[in-house]
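Below: one structure, written as structure tokens.
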Amino acid sequence: MKLCRRAAELAGFRGTVGFVPTMGALHAGHLSLVEQCRKTCDTVVVSIFVNPTQFNDPNDLKNYPRTEEADLKLLEAAGVDYVFAPSVEEVYPEPDTRVFDFGGLDSVMEGAHRPGHFNGVGQVVSRLFDIVKPNRAFFGEKDFQQLAIIRYMVQQLGLPIEIVGCPIVRDSDGLARSSRNMLLTPEHRQAAPHIYAVLREAVDTLRGTVTVAEAKQIIARRIDANPLLKTEYVEIAEADTLKPAETWGEKIGDLRCFVAVHAGPIRLIDNVAI
């Protein structure tokens, strides 16, 4: 495995190049992306870069977990060929002032609650794509809205990159794997699986028995029944457009339920297919 700090060091790729962009603090979810990449690509490139332009809260950027030494050991064991771990100056030699049009995909859910977040995602992902020039790039469905936005951006920019979405990886108690989980207190970590338990039960029982608006209220109320959790939003949206749903529609699997929940100071997101 070759560790590269500068873009110029990324050379000698062979065959199909697969890319997994990360912000480090790696867990089983990231490793599942690497595994999928390893199966289908000749060269595996992983980036570790905490991107400042996608944080709308300076404290969130400051506190984001950084575990590079442990990350590198995990990636070497996973059979990664290249790790790109650049400085901010290497990724942004000049301030990135680009403003992206994501066709409204960024106006709901995370985009509405974290202004500027997805523009920062567009900046860093497009920069990394330009540096690595992969044939395929792998992203997890936990960040489902991000996945949709990156697919849209690749299409708009005409980039010859296949975007591969990979299933959410969960702990045995149902909590979606996230780098932020390591920041949870023991009490909040014990409470957090309640989020997925509510979602799983709700999607099995609520469709067609109440209105979509009522379902969102019920889900929020059930999550908030745990005193250590506080719902920021619940949204039920079309899986392909992210447009908020007003009715249940006809096809199973055409909708997803999205939530953002605060477990103390840590903000968790999750989603499930309906």
Side-chain angles (χ1 to χ4, degrees), residues 4-10 13 17-26 29-30 33 37 45-66 68 71 82-166 178-180 241-242 258 260 267 269:
C4 306
R5 301 288 184 185
R6 302 185 65 83
E9 298 174 68
L10 291 167
F13 295 163
V17 178
F19 180 42
V20 180
T22 83
M23 293 206 298
L26 302 183
H30 295 111
L33 304 181
C37 183
V45 184
V46 175
S47 64
I48 299 175
F49 179 65
V50 180
N51 173 44
T53 72
Q54 71 188 67
F55 287 83
N56 56 332
D57 179 353
N59 284 326
D60 195 17
L61 173 60
K62 177 184 172 184
N63 295 327
Y64 197 85
R66 291 163 171 83
E68 185 180 281
D71 293 344
Y82 294 83
V83 175
F84 182 46
S87 65
V88 173
E89 292 73 25
E90 184 69 14
V91 176
Y92 301 115
E94 297 178 1
D96 194 333
T97 58
R98 293 174 297 162
V99 177
F100 290 84
D101 178 3
F102 295 122
L105 290 170
D106 59 331
S107 65
V108 296
M109 297 183 296
E110 291 298 283
H113 289 262
R114 301 178 66 188
H117 167 67
F118 285 122
N119 199 72
V121 169
Q123 288 173 343
V124 72
V125 172
S126 60
R127 276 290 294 140
L128 291 171
F129 283 172
D130 187 50
I131 291 168
V132 177
K133 297 179 173 56
N135 302 105
R136 295 193 186 105
F138 297 78
F139 296 86
E141 290 187 347
K142 184 179 79 71
D143 296 295
F144 195 91
Q145 188 174 9
Q146 172 180 275
L147 175 61
I149 281 171
I150 289 169
R151 281 190 170 129
Y152 184 89
M153 180 188 75
V154 164
Q155 185 178 27
Q156 289 297 103
L157 296 178
L159 301 177
I161 302 171
E162 178 188 354
I163 302 301
V164 182
C166 300
S178 169
S179 299
R180 297 177 192 275
T241 67
L242 303 185
F258 300 85
R267 186 176 183 275
I269 62 172

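Because the structure is predicted, anything quoted here is derived from the model rather than measured.
To the nearest 0.5 Å, the span separating OH on Y64 from CG on N59 amounts to 16.0 Å. One finds the CD atom of E90 at 6.5 Å from the CD1 atom of I131 (value rounded to the nearest 0.5 Å). Taking CD from Q156 and CZ from R151, the interatomic distance works out to 15.0 Å, rounded to the nearest 0.5 Å. Atom-to-atom distance recorded for E141:CD and L33:CG is 10.5 Å, nearest 0.5 angstrom. Taken from CG in N63 to CZ in R180, the straight-line distance is 10.0 Å, to the nearest 0.5 Å. Within the model, atoms CZ of F129 and CG of L159 stand 7.5 Å from one another, a figure rounded to the nearest 0.5 Å.
Using a 4.5 Å heavy-atom threshold, the side chains of V132 and S47 count as separate. With a 4.5 Å cut-off on side-chain heavy atoms, L242 and F144 count as touching. At a threshold of 4.5 Å between non-hydrogen side-chain atoms, the residues I149 and V121 do not count as touching. Side-chain contact check for L105 versus Q145: every heavy-atom pair is 4.5 Å or farther apart.
Within the 3.5 Å criterion, the main-chain N or O of R98 finds a donor-acceptor partner in the side chain of N119. Remark: side-chain polar atoms of N56 are not paired, donor with acceptor, to backbone N or O of H117 under 3.5 angstrom.
Looking at Y92 and N51, their side chains do bring a donor and an acceptor atom within 3.5 Å of each other.
Within 6.0 Å of the CD atom in E9, the count of heavy atoms belonging to other residues, nucleotides or ligands exceeds 12.
F118 has its ring centre no less than 6.0 Å from the ring centre of F100.
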